[in-house]
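The basis for the numbers below is simple: all heavy atoms, side chains too, and nothing from hydrogens, waters or symmetry mates. Here the structure is a predicted model, which means the values were calculated and not measured.
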Amino acid sequence: MATARLGLDTLLLTSNIDRIGHLSCNPAIGGLAKGHMVKEIDALGGMMGHWADAAGIQFRTLNTSKGPAVRATRAQIDRDAYMRVVKRSIFAQDRLWVIQDMAETLCLDAGAVAGVRTACGQDFPARAVLLTTGTFLQGTIHVGLTNFPGGRLGDAPAAGLSASLRGLGLELGRLKTGTTPRLLKDSCDFGKMDPQPGDDPPQPFSFMSTGVPLPQVPCHMTWTNEATHAAIREGFDRSPMFTGVIQGRGARYCPSIEDKVARFPDKDRHQIFVEPEGLESPEVYPNGIPTSLPLDVQQKLLSTVPGLERAVIMRPGYAIEYDFVFPTQCAPTLEVKTVPGPWTAGPPPGTSGYEEAAAQGLWAALNIFCRLTGRPPFLPGRDAAYMAVLVDDLTTQGTTEPYRMFTSRAEHRLLLREANADSRLTPLGRELGLVDEARWAAFSEKAAMIRELLEALAQVQIRPDAATREVLQAMGAHVPAKAVTLAELVRQPELRLADCAPLWPRIADCLRQRPDAVQEAETICKYEGYLKRQAQLAAQSQGLEGKMLPPTLDYQGIPGLSREVMEKLAAIRPRTLGQAARISGVTPAAIACLEVHLKKLERAAATNKP
């Protein structure tokens with residue numbers, strides 16, 4: 001969508017047109033740190049937040065008891081509605097073509113990738129090829145000790161592309177992920193479960209959304225127990241995980257239920273969120289019990305869970321193994337280093353999750369656009385976006401297991417709030433041309449109101465007269481002994497900026513026009529000291545980020561570097577000193593050696609100038 005909207009003729013080559021927009025695993029979007037990336041995609045002018053809002057049937061803000069930096073939006077999605085809205089956008093987009101076929105070979109011309117050849121023998125020339133193959137590369141599905149080829153249940157794998165990638169000199173590894181059985185909704189007893197309602201009113205993802213169109217429904221929660229765990233243990237001898245059949249590394253932070261039972265034997269229960277697959281879907285998704293156990297064991301463990309005793313399995317849970325590209329073989333733009341032309345995004349460079357894949361897809365698309373139009377690469381820093389943290393972690397440190405984004409991975413996370421994703425990234429999206437006039441006007445209106453409110457917070461004086469005392473006492477707030485600014489008043493923990501409307505009437509107007517601007521101004525005010533300190537730390541780190549390393553630098557000839565550091569630097573070829581400092585095993589002393597060497601190169605270049 002991004003490359004087509006930016007004016008590039010784009011072909012979406014897919015193995016099954018009917019599956020466009022299909023949420024292969026959990027029908028949900030967002031979550032901790034993931035919701036931040038959906039907001040960032042939207043702020044740049046991307047589509048995921050818009051689609052999620054159109055198909056969401058439950059919205060919840062997570063971590064509401066914690067600070068605004070780690071609060072995150074999560075939406076339960078109607079799977080069929082999401083596919084409809086995605087297809088509607090895809091097929092209505094100018095300069096975007098869709099063809100059903102399977103890419104088999106990357107075609108070369110003059111040492112660069114110049115298109116693909118498909119299973120049906122079609123050749124498609126292209127100046128750039130973006131590989132977003134999900135779990136399909138040599139995909140193998142496991143249900144117990146039975147296994148068979150598949151990209152997901154019901155879809156064929158991509159069988160030939162892995163060999164083509166190896167032919168380009170890329171090293172591939174093997175990863176594993178899993179999903180839960182899908183259950184017949186009418187066979188579940190929701191009266192034995194705890195209802196889990198969403199937010200009222202629901203808070204959408206997109207900065208352009210004014211609400212959500214679909215009815216909102218609850219999820220339900222139940223728990224495993226000792227009988228469940230006993231049934232699971234009885235199936236260990238037929239588990240592909242514990243019998244060595246599965247070789248790929250699984251997701252550390254989304255383990256299968258059998259892995260949880262084996263690793264945490266002292267834990268007597270695990271949560272299961274029973275989530276609807278859609279408003280009209282006959283299926284539910286028991287989130288929390290992904291499994292590759294045999295089907296009879298899956299049925300037995302479900303029979304022990306309150307509310308699921310008579311649950312009918314409509315589709316089995318399964319594990320899937322697939323090939324991936326070790327991500328340190330990719331540049332920070334997500335273009336592979338071995339040969340110009342191919343780019344990767346999603347599970348191919350080692351991530352797990354719709355949101356991580358979408359963030360990388362947009363990142364790669366914008367860099368393809370920049371390359372083909374002669375612009376500098378799109379590379380915002382780690383202090384500007386979670387998607388930057390994601391890409392930098394992958395291309396600098398690599399991964400041997402499915403990578404999942406968390407707020408703790410971002411050292412500047414106080415600056416990376418969901419609510420300010422637009423102020424961080426919408427100007428960049430506008431500069432590139434992905435942010436349209438309507439979005440830019442809405443952003444500009446919000447930004448102007450935030451500036452107005454921050455100026456007022458610093459300047460408006462609140463005097464402790466009788467009327468003020470009455471208002472503050474009614475709110476349970478502290479009454480100051482002397483005149484204070486509105487900002488000093490709002491920094492009281494129990495006070496909200498919206499509560500201060502009786503003291504400064506302009507707030508009421510702002511709340512009617514842009515409540516999001518009022519909330520953001522309040523956050524900036526309350527956390528001003530922390531935000532300034534975080535911004536200072538980010539500015540300090542920019543010193544190393546601004547020092548570029550020549551792409552052909554001979555690390556073997558730099559005095560003071562150990563052999564290990566030389567090998568790592570030569571393999572990853574960091575773009576900046578900052579990236580080099582984040583490579584595992586590259587010490588501060590090694591960075592100092594690099595700085596000295598760069599200064600020598602700069603002096604030599606200055607001496608040789610005509």
Audit row: Gln329, Val336, side chain to side chain contact (heavy atoms under 4.5 Å, CB included) steps and yes/no: CA-CA 6 Å; Gln329 299 170 105; Val336 302; 5.9 Å; no
Considering residues, nucleotides and ligands other than Arg563, do more than 12 of their heavy atoms fall under 6.0 Å from its CZ?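 Not buried by this count: 12 neighbours or fewer within 6.0 Å.
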Heavy-atom side-chain contact between Leu549 and Tyr555 under 4.5 Å: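 They are in side-chain contact.
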Lys176/Met241 under side chain to side chain contact (heavy atoms under 4.5 Å, CB included): CA gap, chis, key distance, verdict: CA-CA 10 Å; Lys176 168 257 175 187; Met241 284 182 55; 3.8 Å; yes
Side chains of Glu411 and Ser541: does their closest heavy-atom pair fall under 4.5 Å?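 The answer is no; the side chains never approach within 4.5 Å.
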Would you find a donor on one side and an acceptor on the other, under 3.5 Å apart, between the side chain of Arg95 and the backbone of Gly7?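 Side chain of Arg95 to backbone of Gly7, a donor-acceptor pair under 3.5 Å: yes, one is there.
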Pair Glu104, Ser164 - check side-chain hydrogen bond (donor to acceptor under 3.5 Å, both in side chains), show working. CA-CA 7 Å; Glu104 289 282 324; Ser164 185; over 6 Å; no
Sidechain-backbone polar pair: Thr105 side chain, Cys107 backbone, donor-acceptor under 3.5 Å: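 Not at all, since once roles are kept as given, no pair shorter than 3.5 Å links the two residues.
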Is the backbone of Arg74 close enough, under 3.5 Å, to the side chain of Lys34 for a donor and an acceptor to pair up by distance?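 Absent.
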So, does Asn367 use its side chain to make a donor-acceptor pair with the main chain of Phe378 at under 3.5 Å?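 Looks like yes, one N/O pair under 3.5 Å.
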Is Glu40 reaching over with its side chain to a backbone N or O of Met387, donor-acceptor style, under 3.5 angstrom?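 It does hold such a pair.
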I'd like to know if the side chain of Ser256 reaches the main chain of Asp259, judged simply by a donor and an acceptor atom lying under 3.5 Å from each other, with no hydrogens or angles considered.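 Judged by distance alone, yes, a pair lies under 3.5 Å.
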For the pair Asp155 (side chain) and Arg152 (backbone), establish whether a donor and an acceptor sit closer than 3.5 Å, ignoring hydrogens and angles.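 No.
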Is Glu355 paired with Lys39 through a side-chain N to carboxylate O contact shorter than 4.0 Å?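 The answer is no: the pair does not qualify as a salt bridge.
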Looking at Arg573, I want to see if its CZ is surrounded by more than 12 non-hydrogen atoms of other residues, nucleotides or ligands under 6.0 Å.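 Count over threshold, so yes.
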Salt-bridge present (Glu275, Arg60; N to O < 4.0 Å):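 No, no charged N to carboxylate O under 4.0 Å.
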Do the side chains of Glu401 and Arg252 get close enough for a salt bridge, i.e. N-O under 4.0 angstrom?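 Yes, Glu401 and Arg252 are salt-bridged.
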Please give me the minimum heavy-atom distance between Pro348 and Thr133, naming the atom from each residue.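 The pair with the smallest heavy-atom distance is CG-OG1, 3.0 Å.
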Check: Val116 and Leu13 side chains under 4.5 Å, non-hydrogen atoms: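 They are in contact (side-chain heavy atoms under 4.5 Å apart), so the answer is yes.
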If you round to the nearest 0.5 Å, how far is CG of Leu8 from CZ of Arg127?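 Taking CZ in Arg127 and CG in Leu8, the distance rounds to 6.5 Å.
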Looking only at non-hydrogen atoms, find the nearest pair between Cys593 and Ile558 and report the distance.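 Closest heavy-atom pair between Cys593 and Ile558: O-CG2, 4.2 Å.
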In the structure I gave you, are the side-chain heavy atoms of Thr328 and Thr395 within less than 4.5 Å of one another anywhere?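 Side chain of Thr328 against side chain of Thr395, heavy atoms only: no contact under 4.5 Å found.
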Could you grab the distance from atom CD1 of Ile29 to atom CH2 of Trp51, nearest 0.5 Å is fine?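 Nearest 0.5 Å value for the CD1-CH2 distance: 9.5 Å.
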Do Leu108 and Leu106 touch side chain to side chain, with heavy atoms closer than 4.5 Å?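 No. Closest side-chain heavy atoms not under 4.5 Å.
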Looking only at atom types and distance, does a side-chain atom of Tyr354 sit under 3.5 Å from a main-chain N or O of Cys25, one as donor and one as acceptor?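 Judged by distance alone, yes, a pair lies under 3.5 Å.
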Taking atom CD of Glu321 and atom OG1 of Thr135, what is their separation to the nearest 0.5 Å?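 So the CD of Glu321 and the OG1 of Thr135 are separated by 11.5 Å.
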Look at Lys547 together with Glu595 and state whether they make a salt bridge at an N to O cut-off of under 4.0 Å.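 Glu595 and Lys547: salt-bridged.
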Main-chain N/O of Thr118 paired with Gln122 side-chain donor or acceptor, under 3.5 Å: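 No, the answer is negative, given that no donor and acceptor are paired below the 3.5 Å cut-off.
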For Gln397, I'd like to know if atom CD has over 12 heavy atoms of other residues, nucleotides or ligands within 6.0 Å.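 Result for CD/Gln397: enclosed.
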Which heavy atom of Gln100 sits nearest a heavy atom of Asn16, and at what distance?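 Between these two residues, the closest heavy atoms are OE1-CA, 3.4 Å.
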Can a salt bridge be assigned to the pair Asp383 and Arg424 using a cut-off of 4.0 Å between side-chain N and carboxylate O?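 So Asp383 does not pair with Arg424 through a salt bridge.
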What are the two closest heavy atoms between Ala580 and Leu569, and how far apart are they?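 Minimum heavy-atom separation between Ala580 and Leu569: CB-CD2, 4.0 Å.
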Is the shortest side-chain N to carboxylate O distance from Asp42 to Arg439 below 4.0 Å?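 Salt bridge between Asp42 and Arg439, a charged N being under 4.0 Å from a carboxylate O: yes.
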Quick check: do Phe273 and Gln76 have side-chain heavy atoms less than 4.5 Å from each other?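 No, every pair of side-chain atoms sits at 4.5 Å or beyond.
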Interatomic distance, Ile20 atom CD1 to Arg88 atom CZ [nearest 0.5 angstrom]: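 Going from the CD1 atom of Ile20 to the CZ atom of Arg88 covers 13.5 Å.
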Step by step, would you call Cys370 with Leu432 a side chain to side chain contact (heavy atoms under 4.5 Å, CB included)? CA-CA 8 Å; Cys370 290; Leu432 289 168; 3.8 Å; yes
Rounded at 0.5 Å granularity, tell me how far NE2 in His50 sits from CE in Met48.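 Going from NE2 on His50 over to CE on Met48, the span is 13.5 Å.
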Point-to-point distance, once rounded to the nearest 0.5 Å, from OG of Ser162 to CG of Asp323: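 If we round to the nearest 0.5 Å, Ser162:OG and Asp323:CG are 3.5 Å apart.
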Within 45 degrees of the ring normal and closer than 6.0 Å to the centroid, is that where the cationic atom of Arg430 sits relative to Phe443?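 Judged by the rule, Arg430 and Phe443 form no cation-pi pair.
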With the side chain counted from C-beta on, respond yes when Thr180 and Tyr285 share a heavy-atom pair under 4.5 Å apart, and no when they do not.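 The answer is yes; the side chains approach within 4.5 Å.
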Closest non-hydrogen atom pair, Arg409 against Val389: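 Heavy-atom minimum between the residues: O-CG1, 3.6 Å.
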Side chain to side chain contact (heavy atoms under 4.5 Å, CB included) partner of Arg382, chosen from Asp392, Leu416, Leu415: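 Single pass found, and it is Asp392.
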Taking Phe205's backbone N and O only, do any of them form a donor-acceptor pair with Asp53's side chain (distance below 3.5 Å, no angle check)?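 Yes.
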Measure across Ala128 and Trp343 and return the closest heavy-atom pair with its distance rounded to 0.1 Å.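 Reported closest heavy-atom pair: CB-NE1, 3.7 Å.
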Are any non-hydrogen side-chain atoms of Tyr322 and Leu175 less than 4.5 angstrom apart?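 In short, these two side chains touch, coming nearer than 4.5 Å.
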Carefully, step by step, assess Arg5 and Met47 under the rule side chain to side chain contact (heavy atoms under 4.5 Å, CB included). CA-CA 11 Å; Arg5 290 171 58 206; Met47 300 297 296; 3.6 Å; yes
Can you confirm whether Arg117 is buried at CZ, in the sense that more than 12 heavy atoms of other residues, nucleotides or ligands lie under 6.0 Å from that atom?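 Counting other residues, nucleotides and ligands, CZ of Arg117 stays at 12 neighbours or fewer.
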